[in-house]
Amino acid sequence: MNSRLPPLPALRDFIHMYRLRAKKILSQNYLMDMNITRKIAKHAKVHENDWVIEIGPGPGGITRAILEAGASRLDVVEIDNRFIPPLQHLAEAADSRMFIHHQDALRTEIGDIWKAETQRPKSVDWNDSSLPPMHVIGNLPFNIASPLIIKYLRDMSYQRGVWQYGRVPLTLTFQLEVAKRLCSPIACDTRSRISIMAQYVTEPKMVFQISGSCFVPRPQVDVGVVRFVPRKTPLVKTSFEVLEKLCRQVFHYRQKYVEKGLKTLYPPEMEDEMADELLKKCRVDPTTTSIRLGMEQFADLAEGYNEQCIRHPGLFLYDYTNKHHNLESLSKEPNALPPPVPV
Ligand code: SAM
C-alpha cells in the first residue's frame, strides 16, 4: 500500500483556499505545524495498515499525519460543514483510504462505523497483551473533550462501541489542567473524579504537552496529549455508573473529610448509619480526604455502596439535592437498581 500523499497545498494555504476561519463557538484552534501533528500520530503509535477514527479533523493537520503514517483506513467525524470540502480534497488524495462522516461526535456511535466492514482487522481478545491495530485520535474542542472522554470511558468499561474489537487505544488532547487531572496520582492536588474514572479502566499517560502558541488562533491555555490504553481488567468491579456516582459525591467536598461527601449518597434519616457501615466495612479512615483515597479503596467503597443499593431499592437513584426524593417512591422507578455489574 502506498501511504505517501501526493503533493497537497500547505495547511496554511488550505485555510485560505477554503476560507476557513475559527468559529469560537466550536472552540476551534487549529494545529498548523505538521511537526506537531506528526508527533501526535507517532505517540498514538499509528502504524502501517492500522485503522483509525479521528474526531474533529478540522482542516486536516492530524488527518494528514495519520495518512502519512500508513493507516489503511481513516474515518473522520466532523461537525462543521465548512471543513467538508477541504476534507474531501484530502480524501481524494488519500486513494480510497479516507471516509468522511459529517456528524456530531457526541451523538455518533463510533463502533458502528466499522461494523459492516468485511476487511476490518481481526478483533483482539481483551485479555491478550497485544492491542488491536486500531486507534481513536482527536484534537478535540475543549467544550466537548470532557463529555466525550466520559462517553468513551463508559463504552470501554462495557467493552462496547469500538472497544468490542479489543483494547483500542485512545489518544486525545485536553486543556493542560484537564490532562493533569486525568493522569493525577493519589494525594496530588489535581486528583478528582475524572482521575478515578480514567484510571480504573485505562492507564492514561500524558505523552507530551503543546504550547498554546502552536495553535491558530492561540487558546488561553496550553494543551496536554493523553494516550489511554484500556486495562485488561478494570480495577473496580461495579458498573461505571455506580463508581461515577460514588466519586461525584466523594469529590464534592474535596477539602472536607471523606465521610461528609459519602453521607450525601443517602437520605438524611439513614446517612449516619449507612456512611458509617460503608467506611467500617472498607476500613477507610472517615477523616481522610478524597484525594488521599487509593484505587483499591475506591474499589472497596464502590462495591460496598453497590451492595447497599441492592439491599435498599431506590438508593442508587437518590439525589440529595432533590427535596422530594425518598426511597419508597424511588424504588418504584423502572431502573431503580444500579445497572448490572459487567462480568
Ligand atoms: N483537528 C484539527 C486540528 O488539530 O487542527 C482541528 C481542531 S479544532 C480544536 C476542533 C475540531 O473539532 C473542529 O474542526 C470542529 O469543527 C470539530 N468539532 C467541534 N465539535 C464537534 C463535534 N461535536 N463533533 C465533531 N467535530 C466537532
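Counting convention: from 1, in listed order, for ligands and their atoms alike.
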Sub-4.0 Å atoms of ligand 1 with respect to non-hydrogen atoms of Asp104 =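 Matching atoms, with element in brackets: 22 (C), 23 (N), 24 (N).
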
ask   = Which atoms of ligand 1 are found less than 4.0 Å from any heavy atom of Tyr30?
value =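 Those atoms are 5 (O).
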
Output yes when the distance from some N or O of ligand 1 to some N or O of [X] is under 3.5 Å, and no in every other case.
| X | value |
| --- | --- |
| Gly58 | yes |
| Ala105 | yes |
| Leu31 | yes |
| Glu78 | yes |

task = Could you tell me the separation between the CD atom of Gln199 and the CZ atom of Phe228, rounded to the nearest 0.5 Å?
result =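 Rounded to the nearest 0.5 Å, the CD-CZ separation comes to 10.0 Å.
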
query = Without hydrogens or angle criteria, can the side chains of Thr190 and Ser184 be said to hold a donor-acceptor pair below 3.5 Å?
reply = yes

query = Just checking, is any N or O donor in the side chain of Glu271 or Tyr320 under 3.5 Å from an acceptor N or O on the other one?
reply =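 On atom types as modelled, these side chains do not qualify, holding no pair under 3.5 Å.
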
Listing, residues 118-125 side-chain donor-acceptor contacts under 3.5 Å, not counting sequence neighbours, or none:
from, atom 1, to, atom 2, distance (Å)
Arg120, NH1, Trp114, O, 3.1
Arg120, NH1, Lys115, O, 3.0
Asp125, OD1, Asn127, N, 2.8

ask   = For ligand 1, is Gln103 a contact, meaning one of its heavy atoms is under 4.0 Å away?
value =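 In this structure, Gln103 qualifies as a contact of ligand 1 - some heavy atom is under 4.0 Å.
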
ask   = Does Pro57 reach ligand 1, in the sense of a heavy atom lying below 4.0 Å from it?
value =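 The answer is yes: ligand 1 sits under 4.0 Å from a heavy atom of Pro57.
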
request  = Counting heavy atoms only, name the option from Leu140, Ile79, Asn139 that's nearest to atom 27 (C) of ligand 1.
outcome  = Ile79

query = Hey, does the Lys NZ or Arg CZ of Lys245 hover above the aromatic six-ring of Tyr305, less than 6.0 Å from the centre and inside 45° of the axis?
reply = no

ask   = Please, which pairs that meet side chain to side chain donor-acceptor pair (under 3.5 Å) have at least one residue in residues 289-298, sequence neighbours excluded?
value = none

